[in-house]
Chemist: 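Just dropping this structure here.
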Amino acid sequence: AQTVTQSQPEMSVQEAETVTLSCTYDTSESDYYLFWYKQPPSRQMILVIRQEAYKQQNATENRFSVNFQKAAKSFSLKISDSQLGDAAMYFCAFTSNFGNEKLTFGTGTRLTIIP
Amino acid sequence: NAGVTQTPKFQVLKTGQSMTLQCAQDMNHNSMYWYRQDPGMGLRLIYYSASEGTTDKGEVPNGYNVSRLNKREFSLRLESAAPSQTSVYFCASRTGLAEAFFGQGTRLTVV
């Protein structure tokens with residue numbers, strides 16, 4: 001079974017600083033996709049970034065980047081120049097290319113931005 | 001473009017009552033999902049449907065049933081609601097391994 005673990009229930013960062021959110025996963029498959037979603041107080045789920053396991057290059061989207069370590073099964077999210085609007089719950093998610101279409105989420109990290 | 005639409009947005013039920021949560025997507029997605037979100041537990045998969053006519057259990061299917069009515073619609077039914085089913089429910093859809101698009105959620109309270 002696929003599992004996703006986020007070991008940091010809460011994190012805080014000073015505005016304009018950098019923060020890293022951790023995610024590890026467990027799978028026996030070699031071809032899969034990983035995602036980070038953001039959930040602000042509005043409850044809307046918003047895709048932040050996505051990484052394909054077959055790509056060695058880490059994905060980046062503006063101030064958001066990942067550190068994907070396939071051997072360690074680790075997929076952390078780095079937020080640079082943190083802004084007040086980054087305050088939200090962040091969820092890591094996993095899906096395999098095996099064909100069962102299941103999308104598995106971690107328990108989330110609540111990020112607080114300190115002005 | 002509506003995306004994923006869930007109804008209702010809020011609902012209060014008495015223990016033992018039944019109800020159906022509706023979900024519809026207009027993006028021609030093959031896969032649809034129902035999750036529940038509880039504090040400290042993230043999003044847990046209840047049921048999913050990889051294609052029209054198929055449904056599969058997720059992590060927490062007990063107490064729920066689903067119907068993939070057609071490609072657009074995927075409903076979640078609570079036959080006899082229990083207080084443990086108090087939660088926020090999300091429907092999502094996608095095609096292949098692309099990003100999932102979510103509805104705005106349904107806050108359900110069972111008293």
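Within every chain, numbering begins at 1; the chains are lettered A, B, ... in the order of the sequence lines, protein sequences first and strands thereafter.
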Chemist: Could you pull out the closest heavy-atom pair between A/Trp36 and A/Cys23, with the gap in Å?
Modeler: CZ2-CB, 3.5 Å

Chemist: So for atom NZ, which belongs to B/Lys71, do other residues, nucleotides or ligands contribute more than 12 heavy atoms lying within a distance under 6.0 Å?
Modeler: yes

Chemist: Can you tell me which of A/Ile46, A/Val4, A/Leu47 forms the most heavy-atom pairs within a distance under 4.5 Å of chain B?
Modeler: A/Leu47

Chemist: Looking only at the side chains, is there a donor atom on one of B/Thr20 and B/Arg77 sitting less than 3.5 Å from an acceptor on the other?
Modeler: yes

Chemist: Parallel under 30°, tilted from 30 to 60°, perpendicular over 60°: which one fits the rings of A/Phe68 and A/Tyr25?
Modeler: parallel

Chemist: For B/Leu45, is it the side chain, the backbone, both or neither that has a heavy atom under 4.5 Å from a heavy atom of chain A?
Modeler: side chain

Chemist: When only pairs under 4.5 Å are counted, which of B/Thr54, B/Leu43, B/Asn30, B/Asp38 shares the most heavy-atom pairs with chain A?
Modeler: B/Leu43

Chemist: Is the closest side-chain donor-acceptor distance between B/Glu73 and B/Asn70 under 3.5 Å?
Modeler: yes

Chemist: Say you draw a straight line from CZ of B/Phe74 to CD of B/Gln6; how long is it, rounded to the nearest 0.5 Å?
Modeler: 11.5 Å

Chemist: Using non-hydrogen atoms and a 4.5 Å limit, figure out which bit of A/Tyr37 sits close to chain B: side chain, backbone, both or neither.
Modeler: side chain

Chemist: Tell me, for B/Arg44 versus chain A, whether the close heavy atoms (under 4.5 Å) come from the side chain, the backbone, both or neither.
Modeler: neither

Chemist: Heavy-atom distance under 4.5 Å to chain B: side chain of A/Arg50, backbone, both or neither?
Modeler: side chain

Chemist: Using non-hydrogen atoms only, which part of A/Gln6 is less than 4.5 Å away from chain B: side chain, backbone, both, or neither?
Modeler: neither

